[in-house]
S.K.: 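Structure below; questions to follow.
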Amino acid sequence: QVQLVESGGGLVQAGGSLRLSCTATRRTSDYGAMGWFRQAPGKEREFVAAISWSSNTIRYADSVKGRFTISRDNAKDTVYLQMNSLKPEDTAVYYCAAESTMRISGQYDYWGQGTQVTVSS
């Protein structure tokens with residue numbers, strides 16, 4: 001069983017930056033593509049970004065393109081989400097997820113517990 005642990009959330013003013021980290025309890029070679037999702041109060045969980053195991057394929061939601069950057073370090077079993085130019089509407093619980101396939105398929109098998117990001121106006 002793969003366990004994912006997110007960190008790096010917090011309170012930041014609009015226009016500020018945060019970097020989220022997601023560390024796996026097993027080697028990233030044991031699973032594949034990774035993704036970040038978020039869920040705001042009263043809303044459904046939504047896709048934010050995804051990265052293939054090799055980092056050759058990266059996808060973003062339109063709402064975060066140009067502001068967020070996903071990356072991974074397989075040697076450290078960690079995936080990152082650099083968030084710049086944050087807006088109040090980015091406020092949500094952010095979840096890390098992992099697929100069993102190397103390529104991004106959209107079928108996530110493992111999920112973290114989430115980390116809260118709050119952006120004040």
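The first residue in the sequence is number 1, and the count goes up from there.
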S.K.: Return the minimal non-hydrogen interatomic distance between Tyr108 and Ala97, and the atom names on each side.
M.R.: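 Closest heavy-atom pair between Tyr108 and Ala97: CD2-CB, 3.5 Å.
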S.K.: Taking all non-hydrogen atoms of both residues, which atom of Val64 and which atom of Val48 are closest, and how far apart?
M.R.: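 Smallest heavy-atom distance, with atoms named: CG2-O, 3.6 Å.
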S.K.: Identify, with sequence neighbours excluded, every residue that meets side-chain hydrogen bond (donor to acceptor under 3.5 Å, both in side chains) alongside Asp109.
M.R.: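 Result, side-chain hydrogen bond (donor to acceptor under 3.5 Å, both in side chains) vs Asp109: Ser100.
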S.K.: Restricting to side-chain hydrogen bond (donor to acceptor under 3.5 Å, both in side chains), what partner residues turn up for Thr118, sequence neighbours left out?
M.R.: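 In terms of side-chain hydrogen bond (donor to acceptor under 3.5 Å, both in side chains), with neighbours along the sequence ignored, Thr118 is linked to Gln116.
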S.K.: Output the distance between atom CD (Gln13) and atom CG (Leu86), rounded to the nearest 0.5 Å.
M.R.: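 If I round to the nearest 0.5 Å, the distance is 11.5 Å.
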S.K.: Would you compute the distance between atom SG of Cys22 and atom CG of Leu81 and round it to the nearest 0.5 angstrom?
M.R.: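 It comes to 10.5 Å.
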S.K.: Check for a donor-acceptor pair, side chain of Tyr60 on one end and backbone N or O of Gly66 on the other, with a separation under 3.5 Å.
M.R.: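 Not confirmed, Tyr60 side chain does not pair with Gly66 backbone.
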S.K.: Got more than 12 heavy atoms from elsewhere within 6.0 Å of CD, Glu46?
M.R.: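 Counting other residues, nucleotides and ligands, CD of Glu46 exceeds 12 neighbours.
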S.K.: Evaluate Leu20 against Glu6 for side-chain contact (heavy atoms from CB on, under 4.5 Å), listing each step before the verdict.
M.R.: CA-CA 7 Å; Leu20 305 183; Glu6 302 97 335; over 6 Å; no
S.K.: Answer yes or no: is there a side-chain heavy-atom contact under 4.5 Å between Tyr80 and Thr69?
M.R.: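 No. Closest side-chain heavy atoms not under 4.5 Å.
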S.K.: Can you tell me if Ser121 uses its side chain to pair, donor with acceptor, with the backbone of Pro88 under 3.5 Å?
M.R.: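 No, because the side chain of Ser121 does not come within donor-acceptor range (under 3.5 Å) of the backbone of Pro88.
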S.K.: Are Ser105 and Gln107 close enough, and set up right, to give a side chain to side chain donor-acceptor pair (under 3.5 Å), and what steps lead you there?
M.R.: CA-CA 5 Å; Ser105 71; Gln107 303 299 318; 5.7 Å; no
S.K.: For the residue pair Tyr31 and Leu4, what are the closest heavy atoms and their distance?
M.R.: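 Closest approach of Tyr31 to Leu4, heavy atoms only: OH-CD2, 4.4 Å.
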S.K.: How long is the gap from CD1 on Ile104 to CD1 on Ile51, to the nearest 0.5 Å?
M.R.: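 CD1 of Ile51 is found 7.5 Å from CD1 of Ile104.
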S.K.: Check for me, please, whether Leu18 and Trp36 land in the same ILVMFWY cluster - side-chain distances under 4.5 Å, paths through other members count.
M.R.: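 The answer is yes; both residues are in one hydrophobic cluster.
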S.K.: Out of curiosity, Thr57 OG1 to Met102 CE, how far, rounded to the nearest 0.5 Å?
M.R.: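 Answer for the OG1-CE pair, Thr57 versus Met102, is 13.0 Å.
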S.K.: Between Lys65 and Asp62 (salt bridge meaning N to carboxylate O under 4.0 Å), is one present in this structure?
M.R.: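 Asp62 and Lys65: salt-bridged.
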S.K.: Within the structure provided, determine whether Trp111 and Cys96 are in side-chain contact (heavy-atom separation under 4.5 Å).
M.R.: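 Trp111 does not reach Cys96 side chain to side chain.
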S.K.: Just verifying a value: how many Å separate Met34 CE and Glu99 CD, rounded to the nearest 0.5 Å?
M.R.: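 If I round to the nearest 0.5 Å, the distance is 10.0 Å.
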S.K.: Side-chain heavy atoms nearer than 4.5 Å, only ILVMFWY residues, links allowed to pass through others: does that put Val79 and Ile58 together?
M.R.: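 Yes, Val79 connects to Ile58 through the hydrophobic network.
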S.K.: Return the OG to CG distance between Ser63 and Asp90, rounded to the nearest 0.5 Å.
M.R.: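 If I round to the nearest 0.5 Å, the distance is 7.5 Å.
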S.K.: Got Val119 and Met83 here, is their nearest side-chain heavy-atom distance under 4.5 Å?
M.R.: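 Heavy-atom side-chain distance check fails, nothing below 4.5 Å.
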S.K.: Compute whether any side-chain donor of one residue and acceptor of the other, for Ser17 and Asn84, lie under 3.5 angstrom apart.
M.R.: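 Result is yes, a qualifying pair exists.
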S.K.: Which label fits Tyr94 and Phe68: parallel for a plane angle under 30°, tilted from 30 to 60°, or perpendicular past 60°?
M.R.: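 Tyr94 and Phe68: tilted rings.
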S.K.: To check you understand the geometry: which heavy-atom pair defines the closest contact between Ser52 and Arg103, and what is its length?
M.R.: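 In terms of heavy atoms, the two residues are closest at CB-CA, 4.5 Å.
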